[in-house]
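Values in this document were obtained by computation on a predicted structure and should not be read as measured data.
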Amino acid sequence: MAVTDDTDTTATAHLTRLIERLKEHGLHARGRVASRHPPAPAVVNPDAPTLSEIVYAAPQEGTWWYWWSWHEKIAPVAEMDTVVRKIRHVLTPTGRSR
């Protein structure tokens, strides 16, 4: 996907909303903006700092999605509760539940 200013602006807006929600659920996120890559925050579990993941937002076939760093869809941006639940699950140490 070619990165355009409009795409970056929309991705940044979606990621800003996600970061706010993740913080409400006790996760930390910090933005990453690189000149040749779309914006993508690193999400970290503060209780297990070795557990972190890069998440990004990008459209596919007219729908905006949140994606894992390994290019697998998490969920559409409109399904924020599902996105937060899945990210928390991945960043929760084995043997613990939240």
Smallest separation among heavy atoms of Ala40 and Ile54, with atom names: CB-CG2, 3.6 Å

Restricting to side chain to side chain donor-acceptor pair (under 3.5 Å), what partner residues turn up for Ser69, sequence neighbours left out? Glu53

Identify the two heavy atoms, one from Trp68 and one from Tyr56, that lie closest to each other, and give their separation to 0.1 Å. O-CE2, 3.3 Å

N/O donor-acceptor pair under 3.5 Å between Trp67 side chain and Ala58 backbone: yes

Criterion side chain to side chain contact (heavy atoms under 4.5 Å, CB included) on Thr82 and Tyr66, from CA distance to verdict: CA-CA 11 Å; Thr82 299; Tyr66 290 110; over 6 Å; no

Taking all atoms of both residues into account, what is the closest heavy-atom pair of Val83 and Pro76, and its distance? CG2-O, 3.9 Å

Taking all heavy atoms of Ala29 and all of Pro41, pick out the closest pair and write down the distance. CB-CB, 4.4 Å

Inter- and intrachain pairs under salt bridge (charged side-chain N to carboxylate O under 4.0 Å, His left out), touching residues 59-79, at least two apart: none

Are Leu51 and Val44 connected into the same hydrophobic cluster when the rule is that any two of I, L, V, M, F, W, Y join if their side-chain heavy atoms are below 4.5 Å apart? no

Rounded to the nearest 0.5 Å, what's the gap from NE2 on His28 to NZ on Lys23? Could you check? 8.5 Å

How close do Val55 and Ile87 get, counting heavy atoms only, and between which atoms? CG2-CD1, 4.0 Å

Listed partners of Thr50 passing side chain to side chain contact (heavy atoms under 4.5 Å, CB included), at least two apart: none

Report, one line per pair, each donor and acceptor closer than 3.5 Å where one atom sits in a side chain of residues 13-22; sequence neighbours left out.
from  : atom 1 : to    : atom 2 : distance (Å)
His14 : ND1    : Arg17 : NH2    : 2.7
Thr16 : OG1    : Thr12 : O      : 2.8
Arg21 : NH2    : Asp81 : OD1    : 2.4

Heavy-atom closest pair, residues Asn45 and Leu27: CA-CD2, 3.8 Å

Any heavy-atom pair between the side chains of Val84 and Arg88 that's under 4.5 Å? yes

His89 meets the side chain to side chain donor-acceptor pair (under 3.5 Å) criterion, sequence neighbours left out, with none

